[in-house]
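Please read the structure below before turning to the comments.
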Amino acid sequence: MSIQNNLQAVKEQINNRALLVAVSKTKPNEDLMEAYNAGQRVFGENKVQELTAKHETLPKDIEWHMIGHLQSNKVKYIAPFVSLIHGVDSEKLLKTINKEGKKNDRKIPCLLQVHIAEEETKFGFSESELLTMLNDELLSTLEFVEIKGVMGMATYTDNTDQIRKEFASLKQTFDKLKKSVFASNDNFTEISMGMSGDYLLAIEEGSTMVRVGSSIFGARNYH
Ligand SMILES: *Cc1c(COP(=O)(O)O)cnc(C)c1O
């Protein structure tokens, strides 16, 4: 199967129910261009250096999403152009993104990462941490950040019941924030959940944005 055919198959499955972020990490520019030529414009990367290098060399109408863990000291490299930062997982990072947004005179779109997996290793806030952190005082200082929703990663497991429960819990957290902290914010609309193995499940549970890599570009080789 070619990248173009894979992309077409994934899009047919999604059937316009969620935005498709094509996760192109570790893949060469030629692979991204194959997806681009088939109409894909939204790409996700998880390393700042790779993201900026690809942004510099590939067509300017690509929307670049930072989907990986982001260190505060690297925000400055992507602040001028990034379309969405998926994994905001600390107050410090929010404040840094705000500072870099101000320098670039733009509001930087972000998602708050919520810890939904059983595994300790995945980053993110708990729901109660978010409710405590997102007070009026903090929100009023974040003039150059646009908080557009939440993002989560399910446990790496074959147990679909567990994955479904974790996605449902992210949807619940989204709904709770939408009703409270973001009640008067029309931009708080996005739930980023679902990858190659579970994006249909994620859409059933309310995902608005799926991050799909290997089903489009094939398995990754890290060596
Ligand atoms: C790599 C990655 C994906 C895509 O994973 P696939 O299983 O290849 O679809 C999605 N989200 C994040 C955060 C990733 O790092």
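All ligand and atom numbering here is 1-based and tracks the order in the structure.
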Check: M33 and L58 side chains under 4.5 Å, non-hydrogen atoms: yes
Cationic tip of R41 above Y36 ring, under 6.0 Å, 45° of axis: yes
Side chain proximity check, V210 to M193, heavy atoms < 4.5 angstrom: no
Within 6.0 Å of CG in N16, more than 12 heavy atoms from elsewhere: no
Atoms in ligand 1 with a heavy atom of M153 nearer than 4.0 Å: 13 (C)
V212: numbered ligand 1 atoms lying under 4.0 Å from its heavy atoms: 9 (O)
G213: numbered ligand 1 atoms lying under 4.0 Å from its heavy atoms: 4 (C), 6 (P), 8 (O), 9 (O)
Aromatic ring pairing F43/F217, orientation class (parallel under 30°, perpendicular over 60°, tilted between): tilted
From M195, K25, R211 - option closest to atom 2 (C) of ligand 1 by heavy atom: K25
Structural part of R220 in contact with ligand 1, heavy atom criterion under 4.0 angstrom: side chain
Ligand-residue contact atoms, ligand 1 with S196, heavy atoms, under 4.0 Å: 6 (P), 7 (O), 8 (O), 9 (O)
